Amino acid sequence: MNDTIKSIATIMKDLDGILIFPHINMDGDALGSATALCLALRELGKKAYVMINEPVPKNLDFLECGCTTDDDSVLDDVQLSVMVDCNGMNRIPGREVAWERGRLKGCIDHHQTKAKDIRYDFSRIEPKSAATGEIIYNIVKALGVGISLDIANAIFTAITTDTGNFQHSNTTSRSHEIAGHLYRIEGFNSKVISALIYDRRSKNAIRMEGRVIDDLKFYADGKLVAGKVTLDLLKECGCTMDEADGIIQKMMSIDGVEAACLFKESENNVRASLRGRSYANVAKAAAVFGGGGHVLAAGCTFFCTVEEAEKKIIPVLIETVNTRDR
Ligand SMILES: [Mn+2]
């Protein structure tokens with residue numbers, strides 16, 4: 001059961017000492033939503049932090065406004081721990097101790113798949129929202145806080161990144177309406193923010209992308225495309241995994257492709273990022289392997305080699321692109 005925006009704002013107004021948890025491998029929506037909420041709570045005079053345990057991706061460094069910390073003991077008294085853009089403990093690994101410090105637990109998210117291992121004092125999960133940033137925008141308004149330039153930049157980042165710059169099918173009139181309001185905030189400039197997010201890729205990252213694209217495999221008459229970013233490739237190109245962002249969008253831009261799968265190898269596991277174009281329910285395919293996400297954007301994790309992961313998931317994805325069940 002979803003709590004209302006108003007009741008969540010009322011709960012938050014009464015609390016102080018709030019830790020906000022974006023998901024691991026934070027993206028623009030996770031960090032943008034967390035930052036916007038943190039800044040709004042601070043506007044109300046509250047002590048709030050965004051709890052992270054990994055570096056902020058380079059293309060999101062402009063969101064750093066003193067909100068993030070990796071210090072578990074940053075607050076003496078934590079009255080609320082709240083997850084944003086995720087809803088399960090598996091999405092905040094390494095931050096369990098900090099999470100448990102919150103006397104109340106909350107969740108604000110837009111992912112369709114819900115974790116069963118966790119109980120919240122309040123939660124709001126809106127799968128129809130293009131970004132968690134849209135929900136946060138409404139909470140900020142319900143808190144009675146004016147949208148500052150920093151909050152506007154954070155919410156815009158959340159929405160532009162999760163909608164693929166307003167191109168994905170999750171984009172709604174509301175996404176544009178919220179963006180429309182942000183444009184009216186003094187000093188807001190979408191061009192500047194977009195350039196910071198999208199136009200700062202390194203030469204190495206572009207070269208790595210070329211290597212991945214050279215090596216793509218196609219299945220099911222070109223309806224499915226799969227690629228991989230291995231540890232060896234990262235090393236050869238002098239890149240980190242966050243520099244692989246955007247490759248899957250390139251794969252999806254190929255004519256005739258209905259679904260894409262990008263394997264990302266790390267020391268401990270292989271993450272498969274999945275995208276669907278129109279009818280391929282990739283959340284369902286991800287769920288077969290214990291993953292989840294949105295109907296057209298999902299992911300799952302394998303604890304084996306890339307080749308073994310390929311063997312497991314490619315047949316499922318071929319089935320997915322060959323089935324129109326929605
Ligand atoms: Mn999101």
Side-chain angles (χ1 to χ4, degrees), residues 2 5 8 20-38 40 50-52 54 56-57 59-60 63 67-68 82-93 95 106-115 118 120 123-140 151-172 174-176 178-179 182 193-194 197-198 242 244-246 248-249 252 262 264 271-276 281-283 286-287 291-301:
N2 264 342
I5 296 280
I8 292 175
I20 305 163
F21 293 74
H23 59 73
I24 180 119
N25 302 322
M26 68 184 95
D27 57 12
D29 189 24
L31 186 62
S33 294
T35 302
L37 179 59
C38 186
V50 176
M51 182 61 62
I52 59 175
E54 59 186 342
V56 167
N59 71 327
L60 301 175
L63 288 176
C67 285
T68 58
V82 58
M83 274 192 212
V84 293
D85 202 34
C86 58
N87 66 64
M89 293 309 289
N90 63 336
R91 301 293 284 142
I92 59 164
R95 287 172 283 169
C107 167
I108 301 160
D109 188 19
H110 70 137
H111 290 89
Q112 205 161 38
T113 30
K114 286 181 199 143
I118 191 160
Y120 299 102
S123 69
R124 185 161 183 86
I125 300 180
E126 295 182 14
K128 290 212 166 84
S129 283
T132 299
E134 295 188 10
I135 315 170
I136 296 293
Y137 170 84
N138 284 324
I139 290 175
V140 171
I151 293 178
N153 288 341
I155 292 174
F156 184 79
T157 300
I159 298 175
T160 180
T161 52
D162 258 28
T163 57
N165 218 354
F166 301 91
Q167 289 181 43
H168 295 342
S169 60
N170 60 354
T171 313
T172 64
R174 190 174 82 162
S175 320
H176 286 283
I178 294 172
L182 303 179
I193 299 302
S194 298
I197 299 170
Y198 300 115
D242 62 299
D245 281 3
I248 198 158
Q249 280 83 339
M252 286 304 293
L262 184 63
K264 296 176 177 177
R271 178 93 186 147
S273 292
L274 308 175
R275 295 289 183 278
N281 185 344
V282 292
H294 308 287
V295 174
L296 297 177
C300 52
T301 305

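In this text the structure is predicted, and so the values were computed from the model without any measurement. Counting starts at 1 for both ligands and their atoms, in listed order.
- The pair Glu134-Lys128 does not meet the salt-bridge criterion, since no charged nitrogen lies less than 4.0 angstrom from a carboxylate oxygen.
- Atom-to-atom distance recorded for Asn25:CG and Lys264:NZ is 7.5 Å, nearest 0.5 angstrom.
- With 2.8 Å as the limit, Asp162 counts as an N, O or S neighbour of the Mn ion (ligand 1).
- For the Mn ion (ligand 1), the set of nearby N, O or S atoms under 2.8 Å includes one belonging to Asp85.
- In summary, no N, O or S atom of His111 is located under 2.8 Å from the Mn ion (ligand 1).
- With 3.5 Å as the limit, one finds a donor-acceptor pair spanning the side chains of Asp29 and His110.
- Considering just the N/O/S atoms of Asp29, the one nearest the Mn ion (ligand 1) carries the name OD2.
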| Criterion side chain to side chain donor-acceptor pair (under 3.5 Å) on Thr160 and Asn165, from CA distance to verdict | CA-CA 4 Å; Thr160 180; Asn165 218 354; 2.9 Å; yes
